[in-house]
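Along the sequence shown, residues are numbered consecutively beginning with 1. Just so we're clear, the structure is a prediction, and the values are computed from it rather than from any experiment.
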Amino acid sequence: MALVKCPECGKLNVSDTAESCPECGYGIKAHFEKIKMEEIRLESEKQAEIQSSEFEDEQQAEIQSQKFETEQQGEFEENKNNAVKSEKLHKLNKKKKILLCGISVVIVLGIILTVVISVKNSFSTDEKIALRVVEKYKNMLKDPDSLILRSDVVVIKTYSSDDGTHTYCFFTASGNNSYGASITSTCCFMDGTYICDTGDFPDNDELFEMDTEEAIKYTTIRLRLAEWNLYGETLSDESDEVYASYAVDANKIARKIGATANT
């Protein structure tokens, strides 16, 4: 591990193993892994060139030996042998070029595949919030393997001087209950804790009977979900309390936790 400068915003003393820059969110780890892979690729090409040079030297030595032997024969045999060797050398160089091209293509494709897989499977700090709540919900099911994500995972972050900071997560999913029947619910989480699904929202009479803090919690959750349905990812521009709002791809989360997504 080393402390580096963020190549995006210039922040100093950022760990090169950090998933993202704490200042700007730039993918620090992916950036330096890409540089490392490039260094490996260059080293591989250098080694291939060295091996190619040694191979060529050996071939030249063999040709010189054959030439010395043919010089002991008559002019006719010498010309004949020279023609044969020329043809062999041509074919050898052709095969060598094909081999080097093949090696280069394999190296490049390997690097591209590694980078693509790394970027595809990496999770930002914000995406990990969504990942954790879905994993928690999966473990709550009677049959965790039956989980099917039916929507992307919505994450809303709020701050107010009276209530502090809160994170709300909403997503629709289905899973088997204890009787084996598939039940679909829109799940509501607050600060990483499962609160309820939308079908269990208390009505006005039930809210009236709750203590004030509990009633405010359910009312706020319902409000955040309604705001998202109205504004989507522009919610943070419309609300003074919401400072971040985004949706995390259900397919990406499903791949990570071994579930199914059908959005």
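- Annotation: Asn204, atom CG; neighbour count of heavy atoms from other residues, nucleotides and ligands within 6.0 Å does not exceed 12.
- Ser146 places a side-chain N or O within donor-acceptor distance of the main-chain N or O of Asn176, the cut-off being under 3.5 Å.
- Within a 6.0 Å radius of NZ in Lys5, other residues, nucleotides and ligands contribute 12 heavy atoms or fewer.
- Residues that satisfy the salt bridge (Lys or Arg N to Asp or Glu O under 4.0 Å) test with Lys29, not counting sequence neighbours, are Glu19.
- Side chains of Ser20 and Ser124: no donor on one and acceptor on the other come within 3.5 Å.
- Closest heavy-atom contact between Val153 and Ala130: CG1-CB, 3.5 Å.
- To the nearest 0.5 Å, atoms OG1 (Thr198) and CZ (Arg222) are separated by 9.5 Å.
- With Tyr168 as the aromatic partner, Lys157 does not meet the cation-pi criteria of under 6.0 angstrom to the ring centre and within 45 degrees of the ring axis.
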query = Under the ring pair (Phe, Tyr, Trp, His ring centres under 6.0 Å) criterion, do Tyr159 and Tyr243 qualify, and how do the steps go?
reply = CA-CA 7 Å; Tyr159 172 78; Tyr243 68 88; 7.6 Å; no
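- With Asp145 as reference, Asp143 is the one residue of Leu141, Asp143, Leu147 to meet the side chain to side chain contact (heavy atoms under 4.5 Å, CB included) rule.
- At a cut-off of 3.5 Å, with distance as the only test, no side-chain donor of Asn93 or His90 sits close to an acceptor on the other residue.
- The CD1 atom of Ile28 sits 10.5 Å away from atom NZ of Lys11, with the distance rounded to the nearest 0.5 Å.
- For Glu43 and Gln47, the side-chain atoms include at least one donor-acceptor pair closer than 3.5 Å.
- A salt bridge does not link Lys138 to Glu135: none of the charged nitrogens lies less than 4.0 Å from a carboxylate oxygen.
- Note that OG1 of Thr263 is 14.0 Å distant from CZ of Phe171, once rounded to the nearest 0.5 Å.
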request  = Any chance you could lay out the salt bridge (Lys or Arg N to Asp or Glu O under 4.0 Å) test for Glu213 and Lys217, step after step, and finish with the verdict?
outcome  = CA-CA 6 Å; Glu213 184 177 344; Lys217 178 177 68 176; over 6 Å; no
